[in-house]
Amino acid sequence: MENMNAAAEDFAALLEESFATSDVYEGTVVKGTVVAIEKDLAVIDVGLKVEGRVPLKEFGAKGRDSDMSVGDEVEVYLERVENALGEAVLSRDKARREESWIRLEAAFEAGEKVTGQIFNQVKGGFTVDLDGAVAFLPRSQVDIRPVRDVTPLMHNAQPFQILKMDKRRGNIVVSRRTVLEETRAEQRSELVQSLEEGQTVEGVVKNITDYGAFVDLGGIDGLLHVTDIAWRRINHPSEVLTIGQTVKVQVIRVNQETHRISLGMKQLETDPWEGIDAKYPLNAKFSGRVTNITDYGAFVELEPGIEGLIHVSEMSWTKKNVHPGKIVSTSQEVEVVILEVDAAKRRISLGLKQTLQNPWEAFAEKFPVNSEVEGEVKNKTEFGLFIGLEGDVDGMVHLSDLDWNRPGEQVIEEYKKGDVVKAIVLDVDVEKERISLGIKQLGSDPFESAAAGDVRKGAVVNCEVLEIKDGGLEVKIADSDLTAFVRRADLSRERHEQDPTRFNVGDTFEARVTQFDKKTRRVGVSIKALEIAEEKEAVAQYGSSDASSSLGDILAAAMKAREED
């Protein structure tokens with residue numbers, strides 16, 4: 001028994017001595033030699049006269065069989081030197097994992113890409129063999145765009161970017177998308193640098209929006225704005241382009257920093273605005289099609305790529321505050337006149353109303369000054385009446401032209417909208433589009449009639465009391481249409497007879513005309529002036545032959561002579 005214990009101690013001492021002189025340690029990766037292959041196991045000698053068995057599948061790539069043979073040198077992970085069967089516990093997977101982790105950590109810290117193979121699909125993504133270490137590839141990190149079938153990508157060596165590593169938990173997260181984006185960015189940069197403004201390239205319409213289309217130039221997209229598709233107006237790019245269509249475009253602008261590329265199709269065609277002045281001379285008439293209507297006017301296409309604007313002010317002679325859509329409609333063919341051509345600003349001003357006769361000119365031809373017209377009262381303002389006339393034009397009767405005698409502010413109240421009235425044409429201003437009318441001119445001027453009837457300053461006239469006021473009398477001059485106001489002081493030269501109440505409406509009396517001004521249209525009459533004039537006349541006639549006669553005698557004689565006459 002003692003001999004056996006001694007022998008065991010000697011063996012342990014020898015084994016320990018052997019370990020001391022060898023690099024073989026438990027928990028490390030060691031080199032071994034394949035000494036035999038038994039079915040699906042490889043027998044490996046790792047030294048120390050200890051062998052271990054490792055499944056052949058651990059030596060192959062994930063999902064593939066191994067091509068192991070006797071004599072091959074391999075590295076394995078030594079878990080324990082001896083187990084219950086007296087064999088070494090070895091693992092190729094753990095050895096490969098240890099080696100991989102060291103390399104992968106270095107690549108992760110350096111931001112370098114690593115090579116791996118997708119070998120299995122799991123929940124939320126895929127597993128990747130990074131030469132022994134198993135990593136997780138989220139589905140969102142497989143490609144730039146969602147991939148429905150990953151089968152073509154399986155078991156193919158390809159680069160990945162490590163996003164996260166946790167050795168304690170044994171977790172590695174990788175991305176294939178990051179690698180593709182980086183590669184694509186490099187390709188985009190190279191492509192952008194190769195593009196020059198003015199260069200003609202081909203591309204495929206990738207997407208269509210309201211404002212244009214995105215064209216794939218072979219790895220980078222350019223924007224073809226709707227205004228650069230054609231010289232003519234295009235409301236939506238889908239009118240001309242379809243997704244997948246191959247188009248020839250010109251590079252308009254390239255931004256090397258943002259990689260934004262602006263493209264154009266119309267630039268490959270002849271600019272229709274060249275020589276536009278000679279093609280569309282001023283005041284010439286052309287036909288066109290209404291393409292767009294706005295609040296401020298309507299656009300008319302004269303030819304493909306050439307549009308002009310009919311401003312709302314040039315659409316109608318008479319409709320001033322009407323929306324252009326009430327005058328023309330989209331796609332309508334219209335005749336227009338060229339008003340202005342600005343080749344530099346690529347603008348053409350058109351006129352629609354100029355194709356029709358000016359209604360004020362037509363009115364002036366048909367109704368010259370002093371013509372009588374008839375129309376409906378359209379509006380009443382503080383300065384007169386507006387009358388609707390033939391040709392859809394309006395004429396205005398100023399307050400001063402409503403009545404010869406009465407104030408216009410008073411007379412206008414007698415009119416209301418809708419009344420049909422007659423008037424005389426006083427003036428037509430075609431440029432200012434104004435027609436002046438007069439209603440009082442339908443009758444004769446009472447001043448002219450009165451003057452013809454010998455009513456003038458100094459004349460003696462008969463007056464009829466129309467109205468009695470505190471300040472005097474409102475009277476009508478006989479044989480005329482004139483009225484006048486006799487002031488209290490002019491009712492008599494005697495103060496006690498200057499009371500207006502001593503007269504009654506309808507009373508008549510003689511008075512002398514003291515004022516007759518056609519310009520200011522003022523008439524003044526006075527009883528007092530007549531009395532003074534008669535007194536002077538009596539004195540001159542009767543007072544000269546009898547110096548001793550009193551004034552009463554003279555007046556009595558004058559009155560008697562007058563009565564006899």
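If you read the sequence from its start, that first residue is 1, and numbering goes on from there. Bear in mind the structure is a predicted one, so any value in this text is a computation, not a measurement.
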Give a yes or no on whether the backbone of [Y] and the side-chain of [X] come within a donor-acceptor separation of less than 3.5 Å.
X      : Y      : answer
Gln332 : Ser329 : yes
Glu314 : His311 : no
Arg177 : Gln141 : no
Lys416 : Val377 : no

Where is the tightest heavy-atom contact between [X] and [Y], given as atom of each residue plus distance?
X      : Y      : result
Ile306 : Tyr280 : CG2-CE1, 4.2 Å
Ile162 : Ile172 : CG2-CG2, 4.2 Å
Val411 : Tyr415 : O-CD1, 3.6 Å
Lys378 : Gly388 : CG-N, 3.6 Å
Gly325 : Ile293 : N-CG2, 3.8 Å
Ala157 : Thr115 : CB-CG2, 4.0 Å

If we only count heavy atoms from C-beta on, is the [X] to [Y] side-chain gap below 4.5 Å?
X      : Y      : result
Met315 : Val328 : yes
Glu372 : Ile424 : yes
Thr381 : Met396 : no
Gln441 : Leu426 : yes
Ser316 : Val322 : no
Phe286 : Glu335 : no
Asp295 : His323 : yes
Phe299 : Thr294 : yes

* Asked: Are Lys380 and Ile412 close enough, and set up right, to give a side-chain contact (heavy atoms from CB on, under 4.5 Å), and what steps lead you there?
  -> CA-CA 8 Å; Lys380 290 169 59 175; Ile412 197 172; 4.2 Å; yes
- Item | Test side-chain contact (heavy atoms from CB on, under 4.5 Å) applied to Leu437 and Leu389, step by step | CA-CA 11 Å; Leu437 303 176; Leu389 302 172; 4.1 Å; yes
From [atom1] ([X]) to [atom2] ([Y]), nearest 0.5 Å:
X      : Y      : atom1 : atom2 : value
Leu241 : Ile229 : CG    : CD1   : 4.5 Å
Ile234 : Asp228 : CD1   : CG    : 10.0 Å
Arg253 : Leu263 : CZ    : CG    : 10.0 Å
Lys266 : Arg232 : NZ    : CZ    : 12.0 Å
Met265 : Gln250 : CE    : CD    : 12.0 Å
Glu361 : Trp317 : CD    : CH2   : 7.0 Å

message: Per the ring-ring contact (aromatic ring centres under 6.0 Å, His included) rule, what does the pair list look like for residues 354-397, sequence neighbours excluded?
response: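 Passing the test, one end in residues 354-397: Phe363-Phe367.
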More than 12 heavy atoms of other residues, nucleotides or ligands under 6.0 Å from [atom1] of [X]: is that the case?
X      : atom1 : answer
Glu239 : CD    : yes
Lys422 : NZ    : no
Glu431 : CD    : no

Margin query: Walk me through whether Thr246 and Glu202 qualify under side-chain contact (heavy atoms from CB on, under 4.5 Å).
Written below: CA-CA 7 Å; Thr246 300; Glu202 277 195 351; 4.1 Å; yes
Asp277: which residues meet the side-chain hydrogen bond (donor to acceptor under 3.5 Å, both in side chains) condition with it, sequence neighbours left out?
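Checked Asp277 against side-chain hydrogen bond (donor to acceptor under 3.5 Å, both in side chains); zero matches.
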- Ile118/Gln158 under side-chain contact (heavy atoms from CB on, under 4.5 Å): CA gap, chis, key distance, verdict: CA-CA 9 Å; Ile118 302 173; Gln158 51 194 312; 4.0 Å; yes
Identify all side-chain donor-acceptor contacts of residues 336-352 below 3.5 Å with residues at least two apart in sequence or on another chain.
| unit_1 | atom_1 | unit_2 | atom_2 | d |
| --- | --- | --- | --- | --- |
| Asp342 | OD1 | Ala344 | N | 3.2 |
| Asp342 | OD1 | Lys345 | N | 3.1 |
| Arg346 | NH1 | Asp271 | OD2 | 3.0 |
| Arg346 | NH2 | Asp271 | OD1 | 2.7 |
| Arg346 | NH2 | Asp271 | OD2 | 3.0 |

